[in-house]
Amino acid sequence: MRLVLLTYCLLLSLFSFGISNSKFHEGNDAYSHQEYALALEKYSQLVSEGYHSAELYYNLGNTHYQLSEIGKAIWSYEKALEIDPSFEDARFNLDFVNMLTVDQIDQDKGGLGSWFKGIFFSQSINFWAYMSALMSILLATSLVLFFRSRQRKLKNLSMLLGSVFGLLLLFTLLTAHFHKGYIQDQSNGIIIVESTAVRLSPLEEAQLSFELHEGSKVQIIGSNAEWVEVEVNENTGWMLKEDLWEI
Amino acid sequence: MVKVRLFFVCIVLIFSGKVISQVVLDAQVDKDLVAVNEQFSYVLTTNKNCEITPPRFRGLQVVAGPYQGQSHSSRNINGKTTSSTTYTFTWYLKAKEMGIYTIERSKMACKDSDHASQEIKIKVASPEEINTAKEGIADHYLTLESNKESVFEGEPFILSLKFYSKKRPQDVENYSNGLSSGIERHDLRKPTDNYPIVQKDIKGVRYYIIELRKELCIPLRAGKVSIEPSYGSMWYEQNIFEGYRLEGYSNGLEIDVKAVPEEAPEHYIGLVGSFEMDFEMDKVELSANQALEFKMTLKGNGNFNSFDPPPLNVPDHFIVYDPEIKDSLVVGENGIEGTREYVYSIVPKEKGEYKLTPFQFSYFDLSSNSFKTLTTGEVDLIVNSASKAGVEYVEKQIPTVDTTDIRYIHQGSDNLFKKDDFFYGSLLYYVTVGSPLCLALLFISMKRRKENMSAEARLALKQKGAKKSTLKVLDESRNLLQAGQDQEALKSLQNAMFNFFMTHLNMPLSELSKNSISTHLKEKNISAETIASFESCWTKIEMAQYAPVGAENMANTIDETEKMIQSINSQL
């Protein structure tokens, strides 16, 4: 009985995420009336309040695009895709906006990794956590059934179910762990200024290594207070932190 | 006398030996007039197995062989048995060039004599010569025919491969095309079609003519274009069980391809035939950096497959992407007919008002043997200033042609969450995942402990529950009493008491009696008052079994028993 109650509570909390925020809709209204600056303000407020969602970042990306802020638009689409890798519209708009960038960056699209992400990371952020809780309950039930039952058939069945649920528990735990890590990890960045210099060392007067333009995606290797070390097309260098937004 | 007889015997032996061992070495070919690359066989036959030196086949190519064969025969005439063995050696040959070839003698060296076969002459002629020679004479031959001997570059003509045969063949076995270069060839026969057979008199002989292949050919370059001989083989029925094959090579062809007249207009891109053009633009006004779709449809009959997409005539700063091509073309005897659609995406980069002539090109019209020019005419295009300032287009491929803007925002549920909304990693999460497992383990360990308990402990546990179950039975008997079932109530009351003492005093049913129970209770230091109460209850129940008591009395007994049991339970 207690277990049932607990599950119920969990499911209830899952639905509570669906409660919408009025600022999001205010932003949408502003966007549909082509008041992009207002829309940007509304969406940005939500982001600064610590809210995230694939849809929020997607709409924010569209707003940035309408305001001709290509770098920030790309950043937003990347954020949206980080939360939901199977977000088709965000992928489309990202590809579209990427065509407007100047730098040709090698990007790893496709492959087993993105396939895995597309399948397992496109659910709600707590999906796998709930699934693992459910698996734990099912595993516990099968264990109890196994020790209580006297019939051989029932014992075998519960043993089989128990091992299946055990494996699923392990799998869901790991996936939940990696999903959270994937969303929280910030190892990439997007250039948000028109152009920025990448230098050989983190100093204003250091020698220029190469230049990057708005919208280019870079990998972040390290950072200090003002500078961030980035890697692009297997070249590394330091650039100002303020020129880049982390994904 | 003896000597003379011996001489005769020797003569006879030698003579007969000579008859038996008359050595034959014979050489034969199956054809003495062959086409270039046509295969023929050379067979050596002998009746003695001696060492053979084959000819060197100068100028000829050995395709396969020698294959050795052997046949044995014996016969009996007037009781005299003679036997002979025939050996054959077969080579398959072909000639690469025309001319007359001589196959020299084959030699065979036996112990006592040397032998040689006859010389053979082979004529290798052009297929045409052979066909002409064969007309009206040969059992079968193949021809390759063209409906035109001279064509313009890009002008279609039809090739047909025909098999001529005196006897009606049963089945088409195989055929293959000769090589050609500079020609685009399209098979006109559908795989499901039958092979048409017609009959025709040629030089007074009736032939069956089977068209094996019909092709539409379009020459791709000017000059002499040659088509090498094609091969065909047919299967004939001899009787129900057996058949045989006839095969051969056709003649080759040379087609004279004329170049289109020198004075080709500027916009000539290699189109030959007759064409019409139609075009469509999805916008006449747009802003810079926006894409425009330009659709051009070419309709007609001609060499659709052998020219590049026509270039668009637009200012340099217009970006023109490679067109998407949609074909609905049919290959027929008149050439390639149908429509081809080119869809271009154009992105103007600078604002302005343009008068464009995007398309203007010429083709060579075969019906009039002259060039004709098609044009879209002048088109007005207004390009406004770019709507997205600072956005610079660079040369990259647009993923989908008909989309020129980003997709619209999502307005449904926002699915908002905060970073601390992560359930995974929170204390509640660990409790939620851990508690069912902990509960299960707890349950299992409790069950284990119960199973491993000693007999006394188990009894103690049982006794603990005895009072509860007895009181429950007492309630039941009360209910029975109320329902008027006195006897059942009494029985249940008695049972309750028996059960209680059986478990508490650990006595079997047979030993239960008023005295024995009282003794046991005394041993367990139960107060005398309670024991008295027990004895009174026992007596009353016993009495009730024989003499009916009133319901009220019965109820009192039940109450008394209940009190007594509770009292014993508290004192134990």
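Note on naming: letters A, B, ... go to the chains in the order of the sequence lines (proteins, then strands), and numbering restarts at 1 for each one.
- Annotation: residues 173-180 of chain A contacts chain B through Leu173(A), Ala176(A), His177(A), Lys180(A) [non-hydrogen atoms, separation under 4.5 Å].
- For Tyr130(A) and Phe423(B), the distance between ring centers is under 6.0 angstrom.
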Exercise for the section: Test ring pair (Phe, Tyr, Trp, His ring centres under 6.0 Å) on Phe120(A) and Tyr182(A) and set out the steps. Expected result: CA-CA 11 Å; Phe120(A) 295 108; Tyr182(A) 176 67; over 10 Å; no

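- The ring-ring contact (aromatic ring centres under 6.0 Å, His included) search around Phe165(A) returns none, not counting sequence neighbours.
- Interface residue Ile444(B): only side-chain heavy atoms are found under 4.5 Å from chain A.
- Ranked by non-hydrogen atom pairs under 4.5 Å with chain B, the options Ser32(A), Gly61(A), Ala54(A) are led by Ser32(A).
- For Leu169(A), the part sitting under 4.5 Å from any heavy atom of chain B is the side chain, from C-beta outward, and nothing else.
- For Glu69(A), no part lies near chain B; criterion is any non-hydrogen pair under 4.5 Å.
- Under the 6.0 Å cut-off for aromatic ring centres, His410(B) and Phe87(A) qualify, their centroids lying closer than that.
- Aromatic ring centres of Phe121(A) and Trp128(A): separated by at least 6.0 Å.
- With contacts defined as side-chain heavy-atom distances shorter than 4.5 Å, the pair Val383(B)/Leu381(B) qualifies.
- Under the rule for a ring-ring contact (aromatic ring centres under 6.0 Å, His included), Phe147(A) has no partner lying at least two apart in sequence or in another chain.
- Listed by chain and number, the residues in a ring-ring contact (aromatic ring centres under 6.0 Å, His included) with Tyr408(B) are Tyr31(A) (sequence neighbours excluded).
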